[in-house]
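My questions all concern the structure below.
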There are 2 protein chains.
Amino acid sequence: MSRKEQIDQVATSLFKSRGFAATTMRDLALELGIEAGSLYSHIKSKEDILQRVCFKMADEFNAAFDEVKNQDVPPSEKLRLAIAAHVRVLTKNPPAAGVFLNEWRHLSEPSLGKFHEMRFQYEESLRDIVRAGIATGEFKVTDEKFVVLTLLSSLNWLHMWYKPEGKMSPDDIAEFLSNLLLNGLKNF
Amino acid sequence: MSRKEQIDQVATSLFKSRGFAATTMRDLALELGIEAGSLYSHIKSKEDILQRVCFKMADEFNAAFDEVKNQDVPPSEKLRLAIAAHVRVLTKNPPAAGVFLNEWRHLSEPSLGKFHEMRFQYEESLRDIVRAGIATGEFKVTDEKFVVLTLLSSLNWLHMWYKPEGKMSPDDIAEFLSNLLLNGLKNF
DNA sequence: TACTAAACCAAACGCCTGTTAGCAAATTTG
DNA sequence: CAAATTTGCTAACAGGCGTTTGGTTTAGTA
């Protein structure tokens, strides 16, 4: 792993636990055992790190979802697959997921606009699945926007408590969440 | 409304949109049309504001939940009531809810510890409801911790998109979320 | 060994931060 | 009206911020 990647990784974990604005370059340097100025041999700026983390995660979400998108299965099954893909990315690197989900707002233009659009596209793809399920009658709900919002909400809190050494694997979690959302507490 | 309350309110909306660390006292003063130093005739410190917002919201959540706690209804119905209470608090003041949910980590000890404990108690009360539902066989699920985590996740994203002028009332939202979580997408 | 390139340090830069002090209006109260 | 309190301003403080600069050490290569 290159020094630059190491910086990104340590910064990611600090950004997640303290927040982007509350993490200083001197904190970051201390964690790496070097001086703050030395960081600038490897990176362009503080926001430079944030940009790389955010867009790398965005790419991973898109890549995982692309494998689901064009499968020829019923909407409910496709939603299960999408949830599993999302959970897989989320749990593979919880600190980066946390930064992606909570610190993106510290991006400045034009990165911020680009980020917004990517997220909209991702959500729109999910809404497509729900709309298809409504059309076939498989889903009884009518408001696909609300459903996707709630779906993502319940998934995106995962990085707050997920621990790789816990007893549930990412696939276990995905199955649990799929059952809960599709069948509900009563018919789980 | 006293000047102090006005400061808290404006600060709350800034803390929510920019984050606590990224909001300066000079920003806040500018928004109020006064100088930064003048703020200190009314408040003790920047974190002083954050503390007041966070603990006031915590009190509101507890107060709303207390009215549900001891009602003699089946667990599933009690959960519905708890969800409705939670949503009501969340939508009554979305900026304050946002600060409560995302900025509490900038509290320092001993406030931080006290905050953690209050949240734990709140979550534990919710787990009690789910456990009761499992015991009566009303809920088919086994992991009450996971359920409550997911439940709160889906509720606590609300402040990000809820607009009072929207077409759904807080009660509509609560009913939608209750149906989704209890019955699922398929049996909604 | 001699050369190169990457990694790092020490010091400083200009600016921004929360907060304080002393004083002056303005408003409220008796 | 007079006293007291609230509210605000100006100016400054001490320290922290991201970043730059110029020079030095370290590691790799021929």
Side-chain angles (χ1 to χ4, degrees), chain A residues 1-55 95-96 99 102-112 115, chain B residues 1-55 95-96 99 102-112 115:
Chain A
M1 183 167 55
S2 76
R3 201 66 167 128
K4 185 172 176 180
E5 287 167 336
Q6 193 189 351
I7 291 174
D8 283 357
Q9 185 182 315
V10 174
T12 299
S13 110
L14 286 179
F15 288 172
K16 192 197 169 180
S17 58
R18 312 186 190 177
F20 176 77
T23 302
T24 71
M25 297 305 275
R26 285 166 179 87
D27 288 339
L28 175 53
L30 185 68
E31 204 83 6
L32 289 158
I34 60 176
E35 294 297 314
S38 309
L39 291 165
Y40 290 83
S41 302
H42 308 275
I43 62 161
K44 232 185 79 211
S45 68
K46 190 185 179 187
E47 192 183 326
D48 183 42
I49 305 177
L50 183 63
Q51 281 184 28
R52 237 171 298 131
V53 176
C54 285
F55 285 101
V99 172
N102 294 319
E103 307 299 329
W104 56 265
R105 59 178 165 158
H106 293 105
L107 292 170
S108 52
E109 297 295 355
S111 301
L112 186 59
F115 187 88
Chain B
M1 185 166 55
S2 76
R3 202 63 168 130
K4 185 174 177 179
E5 287 167 334
Q6 193 189 353
I7 290 174
D8 283 356
Q9 185 182 313
V10 174
T12 299
S13 108
L14 286 178
F15 289 171
K16 190 197 171 180
S17 59
R18 312 186 188 177
F20 176 78
T23 301
T24 71
M25 297 305 275
R26 285 166 178 86
D27 289 339
L28 175 53
L30 184 69
E31 203 83 6
L32 289 158
I34 60 177
E35 294 298 313
S38 309
L39 292 166
Y40 290 83
S41 303
H42 308 273
I43 62 161
K44 232 186 79 214
S45 69
K46 191 186 181 188
E47 192 184 323
D48 184 42
I49 304 176
L50 183 63
Q51 282 184 28
R52 235 171 300 130
V53 176
C54 284
F55 286 101
V99 172
N102 294 320
E103 308 298 329
W104 55 266
R105 60 178 166 161
H106 293 105
L107 293 170
S108 52
E109 298 295 355
S111 301
L112 186 59
F115 187 88

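Because only heavy atoms are used, hydrogens play no part in the values below, and waters and symmetry mates are left out as well, while side chains stay in. A note on names: the letters A, B, ... follow the listed sequences, proteins ahead of strands, and every chain is numbered from 1.
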task: Kindly write out the residues that satisfy ring pair (Phe, Tyr, Trp, His ring centres under 6.0 Å) with Phe55(B), not counting sequence neighbours, or none if the list is empty.
output: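 In terms of ring pair (Phe, Tyr, Trp, His ring centres under 6.0 Å), with neighbours along the sequence ignored, Phe55(B) is linked to no residue.
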message: For DNA chain D, which residues of residues 7-17 of chain B approach it to below 4.0 angstrom with any heavy atom?
response: none
Qualifying residues under side chain to side chain donor-acceptor pair (under 3.5 Å), relative to Ser38(A), sequence neighbours excluded: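 Once residues adjacent in sequence are excluded, Ser38(A) has no partner under the side chain to side chain donor-acceptor pair (under 3.5 Å) criterion.
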message: Applying side chain to side chain donor-acceptor pair (under 3.5 Å), can you list everything that pairs with His106(A), at least two apart in sequence or on another chain?
response: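 Partners of His106(A) under the side chain to side chain donor-acceptor pair (under 3.5 Å) test: Glu103(A).
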task: Could you tell me from which nucleotide to which nucleotide of DNA chain D, 5' to 3', there is an atom under 4.0 Å from chain A heavy atoms?
output: dC17(D) to dT20(D)
message: Going by side chain to side chain donor-acceptor pair (under 3.5 Å), name the residues that satisfy it together with Gln9(A), two or more places apart in sequence or in a different chain.
response: none
statement: Counting primed atoms, P, OP1 and OP2 as sugar-phosphate and everything else as base, the B/S/- map of nucleotides 5-17 of chain C against protein heavy atoms under 4.0 Å is --SBBS-B----B
query: Which salt bridge (Lys or Arg N to Asp or Glu O under 4.0 Å) pairs, counting each pair once, include a residue from residues 19-35 of chain B, with sequence neighbours left out?
result: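 Found Arg18(B)-Asp27(B).
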Partner set under side chain to side chain contact (heavy atoms under 4.5 Å, CB included) for Leu112(A), not counting sequence neighbours: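 Once residues adjacent in sequence are excluded, the partners of Leu112(A) under the side chain to side chain contact (heavy atoms under 4.5 Å, CB included) criterion are Trp104(A), Leu107(A), Glu109(A), His116(A).
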Within residues 39-53 of chain A or reaching into it, pairs that qualify as salt bridge (Lys or Arg N to Asp or Glu O under 4.0 Å) - sequence neighbours excluded: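 Sorted result for residues 39-53 of chain A: Asp8(A)-Arg52(A), Asp48(A)-Arg52(A).
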- request: Name all residues meeting the side chain to side chain donor-acceptor pair (under 3.5 Å) criterion together with Asn102(A); count only those two or more places apart in sequence or in a different chain, and write none if there are none.
  value: none
message: I'd like to check the side chain to side chain contact (heavy atoms under 4.5 Å, CB included) partners of Ala96(B); sequence neighbours left out, ordered by chain and number.
response: Thr12(B), Val53(B), Met57(B), Asn93(B)
query: Could you walk me through whether Arg105(B) and Phe20(B) pass the side-chain contact (heavy atoms from CB on, under 4.5 Å) check?
result: CA-CA 10 Å; Arg105(B) 60 178 166 161; Phe20(B) 176 78; over 6 Å; no
